[in-house]
Amino acid sequence: MTKFNAWNVIKNGLNGQSYWTRQWRDPEPKSSYDVVIIGGGLHGLATAYYLAKNHNIKNVAVLEKGWIGGGNAGRNTTIVRSNYMMPGNHEFYEHSLKLWENLSHELNYNVMFSQRAHVSLFHSPGAKDSVSRIYNIMRLHGTDAELWDLKTLKKKIPHLNYHNSRFPILGAAVQKRAGNARHDAVAWGYARAADTLGVDILQNCEVTGFTRKNGNIESIQTSRGIIKGKKIGFAVAGNTSVLWQMAELGNLPIESHKLQAFVSEAVKPLLDQVVVYGVGGAHFYISQSDKGSMVFGGDLDWYKSYAQRGNLPMVQDVAEAAMAIFPSLGRIRLLRHWAGVMDMTMDGSFFICKTPISNLYLNAGWNYGGFKASPASGWYFADLIANESPHNYVQNHNLERFEKGINIDERGAGPDPKLHG
Amino acid sequence: MIRINCPYCGERDHNEFSYGGDATINYPSLDASEKEWTEAIFFRKNIKGFQFETWHHSNGCRMWLVVERSTVTHEIKSVKPCHPDLQKVVKNNK
Ligand SMILES: Cc1cc2nc3c(=O)[nH]c(=O)nc-3n(C[C@H](O)[C@H](O)[C@H](O)COP(=O)(O)OP(=O)(O)OC[C@H]3O[C@@H](n4cnc5c(N)ncnc54)[C@H](O)[C@@H]3O)c2cc1C
Ligand SMILES: [Zn+2]
(Lines give C-alpha, C1' and ligand atoms only; values in the text may rest on other atoms or scores of the structure.)
(Ligands and ions follow the chains in the order given, each with its own letter.)
Protein backbone atom coordinates (compact mmCIF):
# COMPACT_ATOMS: atom_id res chain seq x y z
CA MET A 1 0.00 0.00 0.00
CA THR A 2 1.46 3.35 -1.04
CA LYS A 3 1.49 5.90 1.75
CA PHE A 4 -0.16 9.25 1.16
CA ASN A 5 2.50 11.93 1.55
CA ALA A 6 3.86 14.89 -0.36
CA TRP A 7 6.63 12.83 -1.97
CA ASN A 8 4.23 10.21 -3.35
CA VAL A 9 1.80 12.83 -4.57
CA ILE A 10 4.56 14.58 -6.52
CA LYS A 11 6.04 11.33 -7.81
CA ASN A 12 2.67 10.10 -9.07
CA GLY A 13 1.84 13.49 -10.45
CA LEU A 14 4.89 13.16 -12.68
CA ASN A 15 4.16 9.53 -13.62
CA GLY A 16 0.53 9.61 -14.68
CA GLN A 17 -0.65 8.41 -11.24
CA SER A 18 0.68 4.95 -12.05
CA TYR A 19 2.48 4.07 -8.81
CA TRP A 20 -0.49 3.92 -6.50
CA THR A 21 -1.31 0.45 -5.23
CA ARG A 22 -4.74 -0.89 -4.20
CA GLN A 23 -6.13 0.59 -1.02
CA TRP A 24 -6.76 -2.83 0.45
CA ARG A 25 -6.34 -6.39 -0.79
CA ASP A 26 -9.19 -8.62 -1.92
CA PRO A 27 -8.03 -11.88 -0.34
CA GLU A 28 -9.58 -15.33 -0.47
CA PRO A 29 -10.95 -16.30 2.96
CA LYS A 30 -8.60 -18.41 5.08
CA SER A 31 -10.14 -21.39 6.84
CA SER A 32 -9.63 -19.91 10.28
CA TYR A 33 -8.78 -16.69 12.10
CA ASP A 34 -8.00 -15.66 15.66
CA VAL A 35 -10.82 -13.13 15.52
CA VAL A 36 -13.66 -12.84 13.01
CA ILE A 37 -15.65 -9.61 13.02
CA ILE A 38 -19.03 -9.79 11.29
CA GLY A 39 -20.10 -6.50 9.69
CA GLY A 40 -17.93 -4.23 7.56
CA GLY A 41 -19.35 -0.93 8.77
CA LEU A 42 -17.32 1.59 10.72
CA HIS A 43 -17.54 -0.33 13.96
CA GLY A 44 -16.38 -3.63 12.48
CA LEU A 45 -13.53 -2.02 10.54
CA ALA A 46 -12.40 0.12 13.48
CA THR A 47 -12.45 -2.93 15.75
CA ALA A 48 -10.26 -4.89 13.35
CA TYR A 49 -7.84 -1.97 13.12
CA TYR A 50 -7.49 -1.54 16.91
CA LEU A 51 -7.19 -5.31 17.43
CA ALA A 52 -4.14 -5.23 15.18
CA LYS A 53 -2.80 -1.86 16.28
CA ASN A 54 -3.41 -1.87 20.05
CA HIS A 55 -3.37 -5.57 20.83
CA ASN A 56 -1.14 -7.05 18.15
CA ILE A 57 -3.88 -9.49 17.08
CA LYS A 58 -3.44 -9.51 13.33
CA ASN A 59 -4.93 -12.79 12.20
CA VAL A 60 -8.30 -11.10 11.86
CA ALA A 61 -11.07 -11.10 9.23
CA VAL A 62 -13.95 -8.70 8.69
CA LEU A 63 -16.91 -10.36 6.95
CA GLU A 64 -19.20 -8.03 5.04
CA LYS A 65 -22.25 -9.23 3.15
CA GLY A 66 -22.14 -6.38 0.62
CA TRP A 67 -19.39 -3.83 0.25
CA ILE A 68 -17.76 -2.09 3.19
CA GLY A 69 -19.46 1.15 4.13
CA GLY A 70 -22.66 0.19 2.24
CA GLY A 71 -24.71 0.12 5.45
CA ASN A 72 -25.26 2.97 7.89
CA ALA A 73 -21.56 3.84 7.63
CA GLY A 74 -22.25 5.39 4.23
CA ARG A 75 -25.77 6.62 4.98
CA ASN A 76 -25.45 8.92 7.96
CA THR A 77 -25.44 12.69 8.27
CA THR A 78 -21.87 12.59 9.71
CA ILE A 79 -22.35 14.60 12.89
CA VAL A 80 -19.59 14.10 15.46
CA ARG A 81 -20.06 15.44 19.02
CA SER A 82 -19.61 14.38 22.62
CA ASN A 83 -22.43 16.16 24.46
CA TYR A 84 -23.48 13.27 26.68
CA MET A 85 -24.05 13.36 30.42
CA MET A 86 -24.56 9.83 31.73
CA PRO A 87 -21.62 8.13 33.49
CA GLY A 88 -19.83 5.89 30.99
CA ASN A 89 -21.32 7.71 28.00
CA HIS A 90 -19.57 11.04 28.43
CA GLU A 91 -16.14 9.47 28.98
CA PHE A 92 -16.67 7.17 26.02
CA TYR A 93 -17.84 9.84 23.57
CA GLU A 94 -15.20 12.29 24.72
CA HIS A 95 -12.52 9.69 24.07
CA SER A 96 -14.09 9.13 20.66
CA LEU A 97 -13.91 12.85 19.89
CA LYS A 98 -10.24 12.89 20.91
CA LEU A 99 -9.58 9.97 18.55
CA TRP A 100 -11.39 11.87 15.77
CA GLU A 101 -9.08 14.84 16.31
CA ASN A 102 -6.09 12.77 15.25
CA LEU A 103 -7.79 10.25 12.98
CA SER A 104 -6.53 11.50 9.62
CA HIS A 105 -2.94 11.24 10.85
CA GLU A 106 -3.52 7.96 12.62
CA LEU A 107 -4.91 6.33 9.46
CA ASN A 108 -2.82 8.28 6.92
CA TYR A 109 -6.13 9.03 5.25
CA ASN A 110 -7.91 12.35 5.08
CA VAL A 111 -11.25 11.78 6.80
CA MET A 112 -12.00 15.51 6.39
CA PHE A 113 -12.85 15.95 10.04
CA SER A 114 -14.04 19.50 10.40
CA GLN A 115 -14.56 20.92 13.92
CA ARG A 116 -17.05 23.53 12.84
CA ALA A 117 -19.14 23.55 16.07
CA HIS A 118 -22.43 21.87 16.92
CA VAL A 119 -25.09 24.46 17.68
CA SER A 120 -28.17 23.19 19.44
CA LEU A 121 -30.90 25.84 19.55
CA PHE A 122 -33.20 26.29 22.52
CA HIS A 123 -36.60 27.93 22.48
CA SER A 124 -37.85 28.21 26.06
CA PRO A 125 -36.40 28.98 29.49
CA GLY A 126 -37.10 25.38 30.48
CA ALA A 127 -35.13 24.05 27.53
CA LYS A 128 -32.29 26.42 28.39
CA ASP A 129 -32.17 25.17 31.98
CA SER A 130 -32.19 21.56 30.91
CA VAL A 131 -29.44 21.96 28.32
CA SER A 132 -27.40 24.10 30.73
CA ARG A 133 -27.44 21.23 33.17
CA ILE A 134 -26.12 18.82 30.55
CA TYR A 135 -23.47 21.24 29.28
CA ASN A 136 -22.35 21.98 32.86
CA ILE A 137 -21.93 18.26 33.47
CA MET A 138 -19.80 18.14 30.32
CA ARG A 139 -17.64 21.02 31.55
CA LEU A 140 -17.15 19.32 34.89
CA HIS A 141 -15.71 16.39 32.98
CA GLY A 142 -13.37 18.54 30.95
CA THR A 143 -15.38 18.56 27.71
CA ASP A 144 -15.79 21.88 25.92
CA ALA A 145 -19.30 23.28 26.15
CA GLU A 146 -20.74 26.77 26.10
CA LEU A 147 -23.97 28.72 25.80
CA TRP A 148 -24.45 31.38 23.14
CA ASP A 149 -26.86 34.17 23.87
CA LEU A 150 -29.11 35.52 21.15
CA LYS A 151 -26.71 38.30 20.20
CA THR A 152 -23.78 35.92 19.66
CA LEU A 153 -25.97 33.48 17.78
CA LYS A 154 -27.33 36.15 15.43
CA LYS A 155 -23.81 37.26 14.65
CA LYS A 156 -22.60 33.73 13.93
CA ILE A 157 -25.65 32.47 12.01
CA PRO A 158 -27.58 35.51 10.80
CA HIS A 159 -29.98 33.70 8.48
CA LEU A 160 -31.93 31.53 10.94
CA ASN A 161 -35.58 32.41 11.42
CA TYR A 162 -35.45 34.74 14.44
CA HIS A 163 -39.09 35.77 13.99
CA ASN A 164 -40.77 32.49 14.79
CA SER A 165 -43.33 33.53 17.39
CA ARG A 166 -44.43 30.00 18.25
CA PHE A 167 -40.89 28.79 19.00
CA PRO A 168 -38.69 31.89 19.37
CA ILE A 169 -34.97 31.18 19.37
CA LEU A 170 -33.53 32.19 22.75
CA GLY A 171 -29.96 31.03 22.26
CA ALA A 172 -27.94 27.89 21.71
CA ALA A 173 -25.89 25.24 23.48
CA VAL A 174 -22.64 24.87 21.62
CA GLN A 175 -19.84 22.38 21.43
CA LYS A 176 -17.09 23.95 19.37
CA ARG A 177 -14.92 20.87 18.99
CA ALA A 178 -17.82 19.00 17.40
CA GLY A 179 -18.46 18.92 13.66
CA ASN A 180 -18.56 16.67 10.62
CA ALA A 181 -16.36 14.19 8.77
CA ARG A 182 -16.55 12.39 5.46
CA HIS A 183 -18.22 9.06 6.23
CA ASP A 184 -16.93 7.04 3.25
CA ALA A 185 -13.38 8.18 3.94
CA VAL A 186 -13.61 6.89 7.50
CA ALA A 187 -14.69 3.44 6.30
CA TRP A 188 -12.00 3.34 3.61
CA GLY A 189 -9.36 4.76 5.94
CA TYR A 190 -9.96 2.13 8.62
CA ALA A 191 -10.13 -0.63 5.99
CA ARG A 192 -6.87 0.45 4.39
CA ALA A 193 -5.07 0.84 7.72
CA ALA A 194 -6.36 -2.51 9.03
CA ASP A 195 -5.44 -4.26 5.80
CA THR A 196 -1.90 -2.87 6.02
CA LEU A 197 -1.57 -4.48 9.45
CA GLY A 198 -2.66 -7.84 8.02
CA VAL A 199 -6.43 -7.88 8.49
CA ASP A 200 -8.42 -9.68 5.74
CA ILE A 201 -11.39 -7.65 4.56
CA LEU A 202 -13.81 -10.08 2.94
CA GLN A 203 -16.57 -8.39 0.97
CA ASN A 204 -19.61 -10.12 -0.56
CA CYS A 205 -19.31 -12.55 2.33
CA GLU A 206 -22.67 -12.95 3.99
CA VAL A 207 -22.97 -14.89 7.23
CA THR A 208 -25.82 -17.38 6.94
CA GLY A 209 -25.44 -19.64 9.98
CA PHE A 210 -23.36 -20.87 12.90
CA THR A 211 -22.20 -24.30 14.01
CA ARG A 212 -22.08 -24.70 17.77
CA LYS A 213 -19.82 -27.00 19.74
CA ASN A 214 -19.51 -27.24 23.54
CA GLY A 215 -21.47 -24.03 23.93
CA ASN A 216 -19.12 -22.12 21.65
CA ILE A 217 -19.50 -21.08 18.05
CA GLU A 218 -17.13 -23.41 16.25
CA SER A 219 -17.56 -22.21 12.70
CA ILE A 220 -19.41 -19.66 10.62
CA GLN A 221 -21.29 -20.50 7.43
CA THR A 222 -20.88 -17.80 4.84
CA SER A 223 -21.62 -17.25 1.17
CA ARG A 224 -17.86 -17.71 0.64
CA GLY A 225 -17.58 -20.99 2.54
CA ILE A 226 -17.07 -22.06 6.12
CA ILE A 227 -14.81 -19.86 8.23
CA LYS A 228 -13.62 -20.57 11.75
CA GLY A 229 -12.92 -17.98 14.37
CA LYS A 230 -11.46 -18.51 17.84
CA LYS A 231 -13.34 -15.38 18.82
CA ILE A 232 -16.25 -13.79 17.00
CA GLY A 233 -17.60 -10.26 17.21
CA PHE A 234 -20.93 -8.99 15.92
CA ALA A 235 -20.95 -5.43 14.54
CA VAL A 236 -23.93 -5.52 12.21
CA ALA A 237 -25.94 -2.51 13.45
CA GLY A 238 -29.59 -2.83 12.26
CA ASN A 239 -29.22 -6.55 11.59
CA THR A 240 -28.09 -7.50 15.10
CA SER A 241 -31.32 -9.31 16.04
CA VAL A 242 -31.14 -11.39 12.85
CA LEU A 243 -27.66 -12.68 13.67
CA TRP A 244 -28.51 -13.05 17.35
CA GLN A 245 -31.35 -15.37 16.44
CA MET A 246 -29.17 -17.20 13.93
CA ALA A 247 -27.00 -18.02 16.93
CA GLU A 248 -30.15 -19.15 18.78
CA LEU A 249 -29.77 -16.56 21.50
CA GLY A 250 -33.39 -15.36 21.66
CA ASN A 251 -34.47 -11.77 22.13
CA LEU A 252 -32.54 -8.51 22.52
CA PRO A 253 -33.37 -5.06 23.93
CA ILE A 254 -33.19 -3.76 20.35
CA GLU A 255 -35.65 -2.80 17.62
CA SER A 256 -34.67 -1.98 14.04
CA HIS A 257 -36.00 1.35 12.77
CA LYS A 258 -35.17 3.34 9.70
CA LEU A 259 -33.83 6.87 9.61
CA GLN A 260 -33.66 9.04 6.50
CA ALA A 261 -31.04 11.48 5.31
CA PHE A 262 -31.45 14.23 2.73
CA VAL A 263 -28.97 15.96 0.44
CA SER A 264 -29.72 19.06 -1.62
CA GLU A 265 -28.12 20.48 -4.71
CA ALA A 266 -24.86 22.32 -4.06
CA VAL A 267 -25.00 26.00 -3.17
CA LYS A 268 -22.39 28.58 -2.24
CA PRO A 269 -21.12 28.58 1.36
CA LEU A 270 -24.20 29.14 3.50
CA LEU A 271 -23.71 27.42 6.84
CA ASP A 272 -20.47 27.08 8.82
CA GLN A 273 -21.82 24.98 11.69
CA VAL A 274 -24.00 21.98 12.44
CA VAL A 275 -27.36 23.36 13.55
CA VAL A 276 -29.90 21.37 15.52
CA TYR A 277 -33.51 22.40 15.99
CA GLY A 278 -35.75 20.40 18.29
CA VAL A 279 -39.09 21.46 19.68
CA GLY A 280 -42.34 19.67 20.34
CA GLY A 281 -42.85 17.32 17.42
CA ALA A 282 -40.03 18.68 15.26
CA HIS A 283 -36.47 17.46 15.10
CA PHE A 284 -34.08 18.72 12.49
CA TYR A 285 -30.30 18.88 12.02
CA ILE A 286 -28.39 20.39 9.15
CA SER A 287 -24.90 21.10 7.90
CA GLN A 288 -23.29 21.91 4.59
CA SER A 289 -20.95 19.44 2.93
CA ASP A 290 -17.62 20.48 1.43
CA LYS A 291 -19.20 20.10 -2.02
CA GLY A 292 -21.84 22.66 -1.04
CA SER A 293 -24.83 20.37 -0.58
CA MET A 294 -27.06 20.90 2.42
CA VAL A 295 -27.10 17.63 4.37
CA PHE A 296 -29.98 17.22 6.79
CA GLY A 297 -32.29 14.86 8.61
CA GLY A 298 -34.95 14.54 11.27
CA ASP A 299 -36.67 11.83 13.24
CA LEU A 300 -36.92 8.19 12.29
CA ASP A 301 -39.99 6.92 10.45
CA TRP A 302 -41.83 5.98 13.69
CA TYR A 303 -42.52 2.36 12.83
CA LYS A 304 -40.24 -0.66 12.98
CA SER A 305 -38.62 -1.49 9.66
CA TYR A 306 -35.75 -3.32 8.01
CA ALA A 307 -36.27 -1.47 4.70
CA GLN A 308 -33.45 0.84 3.62
CA ARG A 309 -36.12 3.06 2.15
CA GLY A 310 -37.78 6.10 3.69
CA ASN A 311 -41.46 7.01 3.70
CA LEU A 312 -43.06 10.28 2.62
CA PRO A 313 -44.61 11.64 5.84
CA MET A 314 -41.11 12.11 7.25
CA VAL A 315 -40.00 13.92 4.09
CA GLN A 316 -42.78 16.39 4.73
CA ASP A 317 -41.97 16.68 8.44
CA VAL A 318 -38.33 17.39 7.73
CA ALA A 319 -39.17 19.92 5.02
CA GLU A 320 -41.56 21.70 7.38
CA ALA A 321 -38.93 21.84 10.11
CA ALA A 322 -36.41 23.16 7.59
CA MET A 323 -38.77 25.95 6.59
CA ALA A 324 -39.56 26.80 10.19
CA ILE A 325 -35.96 27.40 11.13
CA PHE A 326 -34.21 28.06 7.82
CA PRO A 327 -36.70 29.76 5.46
CA SER A 328 -33.95 30.65 2.99
CA LEU A 329 -33.86 26.96 2.01
CA GLY A 330 -37.34 27.28 0.52
CA ARG A 331 -36.35 27.11 -3.14
CA ILE A 332 -33.52 24.62 -2.80
CA ARG A 333 -33.95 21.31 -4.61
CA LEU A 334 -33.50 17.94 -3.02
CA LEU A 335 -31.04 15.75 -4.91
CA ARG A 336 -31.12 12.51 -2.98
CA HIS A 337 -32.61 10.90 0.06
CA TRP A 338 -32.34 7.42 1.48
CA ALA A 339 -32.73 5.48 4.71
CA GLY A 340 -30.59 3.27 6.91
CA VAL A 341 -31.66 0.58 9.37
CA MET A 342 -30.68 1.43 12.89
CA ASP A 343 -30.30 -0.67 15.98
CA MET A 344 -32.46 1.33 18.41
CA THR A 345 -32.20 0.20 22.02
CA MET A 346 -34.55 0.26 24.99
CA ASP A 347 -32.62 3.04 26.72
CA GLY A 348 -30.88 4.69 23.77
CA SER A 349 -27.42 3.51 24.80
CA PHE A 350 -25.14 0.96 23.14
CA PHE A 351 -23.80 -2.50 23.95
CA ILE A 352 -20.13 -3.45 23.99
CA CYS A 353 -20.24 -6.66 25.97
CA LYS A 354 -19.87 -10.38 26.33
CA THR A 355 -22.72 -12.69 25.44
CA PRO A 356 -24.11 -16.01 26.70
CA ILE A 357 -21.74 -17.73 24.20
CA SER A 358 -18.23 -17.56 25.61
CA ASN A 359 -16.40 -16.86 22.32
CA LEU A 360 -18.98 -14.39 21.02
CA TYR A 361 -18.84 -10.62 21.69
CA LEU A 362 -21.48 -8.01 20.94
CA ASN A 363 -21.14 -4.50 19.54
CA ALA A 364 -24.59 -3.01 18.84
CA GLY A 365 -27.29 -0.56 19.77
CA TRP A 366 -25.93 2.60 18.17
CA ASN A 367 -29.24 4.35 17.56
CA TYR A 368 -28.79 7.55 15.53
CA GLY A 369 -25.42 8.18 17.08
CA GLY A 370 -22.98 5.52 15.97
CA PHE A 371 -21.00 7.53 13.43
CA LYS A 372 -19.34 9.71 16.06
CA ALA A 373 -18.85 6.63 18.21
CA SER A 374 -16.97 4.54 15.67
CA PRO A 375 -13.35 5.21 16.78
CA ALA A 376 -14.05 4.59 20.48
CA SER A 377 -16.39 1.73 19.64
CA GLY A 378 -13.60 -0.03 17.75
CA TRP A 379 -11.14 0.84 20.52
CA TYR A 380 -13.19 -0.59 23.41
CA PHE A 381 -14.63 -3.53 21.49
CA ALA A 382 -11.11 -4.59 20.50
CA ASP A 383 -10.10 -4.12 24.14
CA LEU A 384 -12.95 -6.35 25.33
CA ILE A 385 -12.16 -9.06 22.78
CA ALA A 386 -8.43 -9.01 23.54
CA ASN A 387 -8.60 -8.70 27.34
CA GLU A 388 -11.82 -10.58 28.07
CA SER A 389 -13.11 -7.90 30.39
CA PRO A 390 -14.80 -4.57 29.69
CA HIS A 391 -13.01 -1.28 30.28
CA ASN A 392 -14.51 0.88 33.07
CA TYR A 393 -16.24 3.21 30.61
CA VAL A 394 -18.28 0.38 29.10
CA GLN A 395 -18.68 -1.82 32.15
CA ASN A 396 -22.43 -1.15 32.29
CA HIS A 397 -23.00 -1.18 28.53
CA ASN A 398 -24.17 -4.77 28.66
CA LEU A 399 -27.40 -6.76 28.34
CA GLU A 400 -27.78 -7.19 32.10
CA ARG A 401 -28.27 -3.51 32.86
CA PHE A 402 -32.05 -3.65 32.34
CA GLU A 403 -32.63 -6.38 34.90
CA LYS A 404 -30.35 -4.57 37.33
CA GLY A 405 -32.26 -1.33 36.79
CA ILE A 406 -29.19 0.65 35.73
CA ASN A 407 -30.45 1.72 32.30
CA ILE A 408 -28.35 4.40 30.62
CA ASP A 409 -31.15 6.59 29.33
CA GLU A 410 -29.78 10.02 28.27
CA ARG A 411 -33.20 11.27 27.23
CA GLY A 412 -35.23 9.70 30.00
CA ALA A 413 -37.61 8.43 27.33
CA GLY A 414 -38.21 4.97 28.81
CA PRO A 415 -38.32 1.52 27.20
CA ASP A 416 -39.56 2.49 23.75
CA PRO A 417 -36.74 2.28 21.19
CA LYS A 418 -38.27 4.68 18.67
CA LEU A 419 -38.22 7.50 21.23
CA HIS A 420 -34.44 7.51 21.66
CA GLY A 421 -32.21 9.35 19.29
CA MET B 1 -47.31 5.75 2.37
CA ILE B 2 -48.60 2.65 4.10
CA ARG B 3 -52.39 2.27 3.94
CA ILE B 4 -54.04 0.75 7.01
CA ASN B 5 -57.56 -0.57 6.74
CA CYS B 6 -59.06 0.46 10.08
CA PRO B 7 -61.97 -1.86 10.94
CA TYR B 8 -63.83 1.15 12.32
CA CYS B 9 -63.05 3.87 9.75
CA GLY B 10 -61.89 2.18 6.55
CA GLU B 11 -58.59 2.51 4.68
CA ARG B 12 -56.43 5.47 5.71
CA ASP B 13 -52.84 6.74 5.33
CA HIS B 14 -50.54 5.47 8.04
CA ASN B 15 -49.72 8.98 9.23
CA GLU B 16 -53.19 9.09 10.80
CA PHE B 17 -51.94 6.35 13.12
CA SER B 18 -49.22 6.06 15.75
CA TYR B 19 -47.12 2.94 15.90
CA GLY B 20 -47.30 1.08 19.19
CA GLY B 21 -45.01 -1.93 19.08
CA ASP B 22 -44.85 -5.71 19.36
CA ALA B 23 -48.41 -7.02 19.83
CA THR B 24 -47.36 -10.44 21.06
CA ILE B 25 -45.93 -9.51 24.45
CA ASN B 26 -47.48 -11.42 27.31
CA TYR B 27 -47.05 -9.53 30.52
CA PRO B 28 -46.34 -11.87 33.44
CA SER B 29 -48.22 -11.90 36.72
CA LEU B 30 -47.46 -9.13 39.20
CA ASP B 31 -45.47 -11.43 41.47
CA ALA B 32 -43.43 -12.93 38.62
CA SER B 33 -39.65 -12.80 38.84
CA GLU B 34 -37.55 -9.81 37.93
CA LYS B 35 -36.19 -11.82 35.01
CA GLU B 36 -39.63 -12.43 33.52
CA TRP B 37 -40.57 -8.77 33.84
CA THR B 38 -37.28 -7.68 32.30
CA GLU B 39 -37.93 -9.99 29.34
CA ALA B 40 -41.45 -8.63 28.83
CA ILE B 41 -40.55 -4.96 29.10
CA PHE B 42 -37.14 -4.77 27.48
CA PHE B 43 -36.50 -7.76 25.21
CA ARG B 44 -37.95 -8.11 21.71
CA LYS B 45 -37.93 -10.61 18.86
CA ASN B 46 -37.42 -7.72 16.44
CA ILE B 47 -38.71 -9.87 13.58
CA LYS B 48 -37.44 -9.34 10.05
CA GLY B 49 -40.55 -10.34 8.10
CA PHE B 50 -44.22 -10.49 9.08
CA GLN B 51 -45.01 -9.51 12.64
CA PHE B 52 -48.04 -8.62 14.71
CA GLU B 53 -47.83 -5.05 15.95
CA THR B 54 -50.13 -2.48 17.51
CA TRP B 55 -51.14 0.81 15.91
CA HIS B 56 -53.31 3.52 17.45
CA HIS B 57 -55.69 5.37 15.15
CA SER B 58 -54.78 8.56 16.98
CA ASN B 59 -56.05 10.98 14.33
CA GLY B 60 -59.18 8.92 13.69
CA CYS B 61 -61.36 6.74 15.89
CA ARG B 62 -58.59 6.51 18.53
CA MET B 63 -58.93 2.73 18.70
CA TRP B 64 -55.94 0.38 19.09
CA LEU B 65 -55.44 -2.13 16.28
CA VAL B 66 -53.39 -5.28 15.75
CA VAL B 67 -51.75 -5.16 12.34
CA GLU B 68 -49.91 -8.01 10.66
CA ARG B 69 -47.23 -6.28 8.61
CA SER B 70 -43.94 -7.15 6.96
CA THR B 71 -41.05 -5.18 8.41
CA VAL B 72 -39.19 -5.65 5.11
CA THR B 73 -41.76 -4.76 2.41
CA HIS B 74 -44.29 -3.01 4.69
CA GLU B 75 -47.07 -5.13 3.12
CA ILE B 76 -50.06 -5.58 5.43
CA LYS B 77 -51.80 -8.96 5.69
CA SER B 78 -54.46 -8.24 8.28
CA VAL B 79 -55.85 -5.54 10.57
CA LYS B 80 -57.95 -6.39 13.61
CA PRO B 81 -59.23 -4.47 16.61
CA CYS B 82 -57.07 -4.91 19.71
CA HIS B 83 -60.16 -5.18 21.87
CA PRO B 84 -62.92 -6.75 19.73
CA ASP B 85 -65.45 -6.40 22.55
CA LEU B 86 -65.12 -2.64 22.39
CA GLN B 87 -66.54 -2.79 18.89
CA LYS B 88 -69.80 -4.18 20.25
CA VAL B 89 -70.00 -1.45 22.86
CA VAL B 90 -69.45 1.21 20.22
CA LYS B 91 -72.14 -0.34 18.01
CA ASN B 92 -74.63 -0.70 20.84
CA ASN B 93 -74.18 2.95 21.79
CA LYS B 94 -75.07 4.03 18.28
C1 LIG C 1 -29.81 8.44 8.00
C2 LIG C 1 -28.86 8.24 9.14
C3 LIG C 1 -28.25 9.35 9.72
C4 LIG C 1 -27.35 9.20 10.77
N5 LIG C 1 -26.72 10.30 11.26
C6 LIG C 1 -25.76 10.17 12.21
C7 LIG C 1 -25.02 11.30 12.65
O8 LIG C 1 -25.21 12.42 12.16
N9 LIG C 1 -24.09 11.13 13.61
C10 LIG C 1 -23.85 9.91 14.17
O11 LIG C 1 -23.02 9.82 15.07
N12 LIG C 1 -24.52 8.79 13.76
C13 LIG C 1 -25.45 8.89 12.78
N14 LIG C 1 -26.14 7.77 12.33
C15 LIG C 1 -25.85 6.47 12.95
C16 LIG C 1 -24.63 5.75 12.37
O17 LIG C 1 -24.60 5.86 10.97
C18 LIG C 1 -24.68 4.27 12.77
O19 LIG C 1 -24.93 4.16 14.15
C20 LIG C 1 -23.37 3.54 12.49
O21 LIG C 1 -22.93 3.75 11.17
C22 LIG C 1 -23.58 2.05 12.75
O23 LIG C 1 -22.38 1.34 12.77
P24 LIG C 1 -21.70 0.70 11.46
O25 LIG C 1 -21.07 1.78 10.66
O26 LIG C 1 -20.80 -0.35 11.93
O27 LIG C 1 -23.00 0.10 10.73
P28 LIG C 1 -23.18 -0.41 9.23
O29 LIG C 1 -22.44 0.44 8.28
O30 LIG C 1 -24.65 -0.56 9.02
O31 LIG C 1 -22.45 -1.80 9.28
C32 LIG C 1 -23.05 -3.04 9.52
C33 LIG C 1 -22.67 -3.95 8.38
O34 LIG C 1 -23.04 -5.28 8.69
C35 LIG C 1 -23.32 -5.91 7.46
N36 LIG C 1 -24.09 -7.14 7.70
C37 LIG C 1 -25.37 -7.25 8.13
N38 LIG C 1 -25.75 -8.54 8.16
C39 LIG C 1 -24.67 -9.27 7.77
C40 LIG C 1 -24.45 -10.66 7.57
N41 LIG C 1 -25.40 -11.58 7.82
N42 LIG C 1 -23.23 -11.05 7.15
C43 LIG C 1 -22.24 -10.14 6.89
N44 LIG C 1 -22.41 -8.83 7.03
C45 LIG C 1 -23.62 -8.38 7.46
C46 LIG C 1 -24.09 -4.85 6.70
O47 LIG C 1 -24.09 -5.11 5.30
C48 LIG C 1 -23.36 -3.58 7.07
O49 LIG C 1 -22.40 -3.17 6.12
C50 LIG C 1 -27.06 7.90 11.29
C51 LIG C 1 -27.67 6.78 10.71
C52 LIG C 1 -28.56 6.94 9.64
C53 LIG C 1 -29.18 5.73 9.01
ZN1 LIG D 1 -60.15 4.16 12.98
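No experiment lies behind these values; they were computed from the predicted model shown. Chain letters run A, B, ... following the sequence lines, proteins first, then strands; residues in each count from 1. These numbers come from the heavy atoms of this one structure, side chains and all, not from hydrogens, waters or symmetry mates.
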The reported gap from OH in B:Y19 to CG in A:D301 (rounded to nearest 0.5 angstrom) is 12.5 Å

Checklist line | Presence of salt bridge, A:K304 and B:E53, under 4.0 angstrom | finding: no

Taken to the nearest 0.5 Å, the spacing of A:I254 CD1 from B:F42 CZ works out to 14.0 Å

Cut-off 4.5 Å, heavy atoms of chain A, and the answer for B:W37 is neither

Counting heavy-atom pairs under 4.5 Å with chain B, the top scorer among A:M314, A:R309, A:E255 is A:E255

Value for OG (A:S256) from CD1 (B:I47), rounded to nearest 0.5 Å, stands at 11.5 Å

- Counting only heavy atoms not in B:E11, do more than 12 sit closer than 6.0 Å to its CD atom? yes

CD (A:E403) and OG (B:S33) are apart, to the nearest 0.5 Å, by 7.5 Å

Of A:A307, A:P313, A:P417, the largest count of non-hydrogen pairs under 4.5 angstrom with chain B goes to A:P313

Worksheet entry | Donor on one side chain, acceptor on other, B:K48 and A:Q245, under 3.5 Å | no

- Are B:N46 and A:Y306 linked by a side-chain donor-acceptor pair shorter than 3.5 Å? yes

TODO: May I ask you to check whether over 12 heavy atoms, not counting those of A:R166, lie within 6.0 Å of atom CZ?
DONE: no

Under 4.5 Å to a heavy atom of chain A? For B:S70 that would be neither

Okay, B:T71 and chain A: the region with an atom under 4.5 Å from a heavy atom over there is both

Separation between CG (A:D416) and CD1 (B:I41), nearest 0.5 Å, reads 12.5 Å

Quiz item: Side chains of A:N251 and B:E39: does their closest heavy-atom pair fall under 4.5 Å?
Solution: yes

Would you call the rings of A:Y303 and B:H14 parallel, tilted or perpendicular, where under 30° means parallel and over 60° means perpendicular? perpendicular

Rounded to the nearest 0.5 angstrom, the CG-OG1 distance for A:L399 and B:T38 is 12.0 Å

When the 4.5 angstrom heavy-atom criterion is applied to A:N239 and chain B, the contacting part is side chain

Note to self: Using side-chain heavy atoms (C-beta onward) and a distance below 4.5 Å, is A:S241 in contact with B:K45?
What the structure shows: no

Within a 6.0 Å radius of atom CD on A:E206, are there more than 12 heavy atoms belonging to other residues, nucleotides or ligands? yes

